[in-house]
Amino acid sequence: MTWTLTFSAPETPRTSSDMEKTVVVLAGPTAVGKTACGIELAAHFKTEIISADSRQIYRETSIGTAVPSPHELAQVKHHFIQVAPLTDPYHASRYEQEVLATLERLFKSHDLILLVGGSGLYIDAVCHGIDELPSVDPQLRSTLLDQFKNEGLDPLVARLKVLDPVSYDRVDLKNHMRVLKALEVSIQTGKPYSTFLSSKRKERPFRILRIALDIEREVLYDRINKRVDQMMEAGLLDEVKELVPLRGLTAMKTVGYRELFRHLDGEISLDEAVDLIRRNTRKFARKQLTWFRKENRYRWFSPGQTGEIISWIESHAQ
RNA sequence: GGUGCCAUAGCUCAGUUGGUAGAGCACAGGACUGAAAAUCCUGGUGUCCCUGGUUCAAUUCCUGGUGGCACCA
């Protein structure tokens, strides 16, 4: 135990600022139990939690995004929960910058901070950065989007080949979002999109420990199904009704909202919508697991292993 | 009870002029640089209901069952 060292050497007190700072990432698929585990860890390490969830960050949604309960939020200080309005869309780069600023502030009083959530891209943006890109005129994007809808992807791909041959070779040309992104930046700036990308990972002034939670698939799906039922009982349909005026926003493509919008349109029954929410949540969980499995960067635990997780953190964060 | 139709993947169904089969969804895996709970790619997982018959060969044709649906009594 290294903790005793700190206390047994009073003549050379180590202040917080001497210690190496550590960010402990706690990731995992939706409904696996990250929130509860994170709170236990935060209580043990007497620290705070930065949420790494691209949807809990929005203010107007709570039931469908499964934000921590008021009781949970009262136990441990959480950051980046319900801080931005839906009309002010968030993105990974902004998240990176704001979290880094928050970390700098929190490290003045803590040696270890928890980053808890399931948004892989947001986590990686904090851990090794995401390139800064020039902002694009929304008008340009919608023009390109219209062209995509009317003429398909081929003309856009052809244009990309001319404007940015490097991206043409690298980008997934079947994925319209990737093509549109590369194209809109290239058009907007007059410089190829690829010139804005560096493949370098940014160095961070803190240590990063990555932990991911997983459980048996069947158990996970069971938890997902039950949570969807709980959301419906908690009034998800009413929450969605309130958000109808904002349904065009990207953030409203979230699982749980888009299915209920379809139901409100009369397109599908409520039962069908709820069934679709369960199915799409399962799919989402699988996709998250794919992200976290990548490159073996995570140390995996099951959500009940709090004691083992604490020991592992202590032995690696010294 | 009679007549007709149906029975193929976990589900809904297509198909095989007789040579053991394929779509969507589900499920599984992967990608991911300012929409990331988004978007995109890959993979069929099977006593073709059972039993006899015809045939070199039957999931396919025929007989008889069983189950379901519809109509008539």
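Here is how names work: the chains are called A, B, and so on, in the same order as the sequence lines, proteins then strands, and each is numbered from 1.
- Near RNA chain B, meaning a heavy atom under 4.0 Å away, the residues from residues 60-72 of chain A are A/Gly64, A/Thr65.
- B/rA26 and B/rC6: their P atoms are spaced 30 Å apart (whole Å).
- Note on A/Asp53: a base of the nucleic acid sits closer than 4.0 angstrom, heavy atoms only.
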Task: Sequence-aligned protein contact record of nucleotides 29-35 of chain B, with B where the base is within under 4.0 Å of a protein heavy atom and S where only the sugar-phosphate is - done: SBBBBBB
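- A/Tyr90 and A/Glu98 share a side-chain donor-acceptor pair at under 3.5 Å.
- Listed by chain and number, the residues in a side chain to side chain donor-acceptor pair (under 3.5 Å) with A/Asp271 amount to none (sequence neighbours excluded).
- With sequence neighbours left out, the side chain to side chain donor-acceptor pair (under 3.5 Å) criterion links A/Ser135 to no other residue.
- Pairs of residues two or more places apart, or lying in two chains, never qualify as ring-ring contact (aromatic ring centres under 6.0 Å, His included) while including a residue from residues 250-287 of chain A.
- The CG atom of A/Leu153 sits 15 Å away from the P atom of B/rU39 (whole-angstrom rounding).
- Comparing B/rU45 with B/rU39, their C1' atoms sit 27 Å apart, to the nearest whole Å.
- Looking at A/Thr22 and A/Ile113, their side chains never come closer than 4.5 Å, going by heavy atoms from C-beta outward.
- A donor-acceptor pair shorter than 3.5 Å can be found between the side chains of A/Asn280 and A/Glu259.
- The phosphate of B/rC27 has neither OP1 nor OP2 within less than 4.0 Å of any side-chain N or O from A/Lys283.
- With both ends at atom P, the span from B/rG53 to B/rU20 equals 22 Å, rounded to whole Å.
- The side-chain heavy atoms of A/Thr65 and A/Ile57, taken from C-beta on, include no pair separated by under 4.5 Å.
- Residues passing the side chain to side chain donor-acceptor pair (under 3.5 Å) test with A/Asp131, sequence neighbours excluded: A/Ser198.
- Within a heavy-atom distance below 4.0 Å of RNA chain B, the residues of residues 218-244 of chain A found are A/Tyr221.
- Here, B/rG4 and B/rC25 have their P atoms 39 Å apart, quoted to the whole Å.
- Side chain to side chain, A/Ser194 and A/Asp164 meet the donor-acceptor criterion of an N or O pair below 3.5 Å.
- Taking 4.5 Å as the limit, every side-chain heavy atom of A/Val157 sits out of range of all side-chain heavy atoms of A/Lys161.
- Taking the P atom of each, B/rC50 and B/rC61 are spaced 15 Å apart, rounded to whole Å.
- Within the 3.5 Å criterion, the main-chain N or O of A/Gly307 finds a donor-acceptor partner in the side chain of A/Ser311.
- A gap of 23 Å separates the P atoms of B/rC48 and B/rC56, to the nearest Å.
- In summary, of the residues considered (A/Lys294, A/Arg210, A/Arg201), a salt bridge (charged side-chain N to carboxylate O under 4.0 Å, His left out) with A/Asp124 occurs for A/Arg210 alone.
- Residue contacts for A/Thr254: at a heavy-atom cut-off of 4.0 Å it reaches a base atom on one of the strands shown.
- Listed by residue number, A/Arg258, A/Arg279 are the residues of residues 258-279 of chain A with a heavy-atom contact under 4.0 Å to RNA chain B.
- Defined by atom type and a distance below 3.5 Å, a donor-acceptor pair is missing between the side-chain atoms of A/Ser93 and A/Glu132.
- Consecutive Watson-Crick or G-U pairs involving RNA chain B, each under 3.5 Å on both distances, make up stems of three or more pairs at B:1-7 with B:66-72, B:10-13 with B:22-25, B:27-31 with B:39-43.
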Table please: side-chain donor-acceptor pairs of residues 168-176 of chain A below 3.5 Å, with sequence neighbours left out.
residue, atom, partner, partner atom, Å
A/Asp172, OD1, A/Lys174, N, 3.0
A/Asn175, OD1, A/Met177, N, 3.1

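- Taking the C1' atoms as reference points, B/rA7 lies 6 Å from B/rC49, given to the whole Å.
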Identify each donor-acceptor pair in which a side-chain atom of residues 24-39 of chain A lies under 3.5 Å from a protein atom, sequence neighbours left out, and give them as a table.
residue, atom, partner, partner atom, Å
A/Thr30, OG1, A/Arg227, NH2, 2.6
A/Lys34, NZ, A/Gly28, O, 3.1
A/Lys34, NZ, A/Pro29, O, 3.0

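- For residues 55-86 of chain A, the pairs satisfying ring-ring contact (aromatic ring centres under 6.0 Å, His included) are A/Phe80-A/Tyr95, with sequence neighbours left out.
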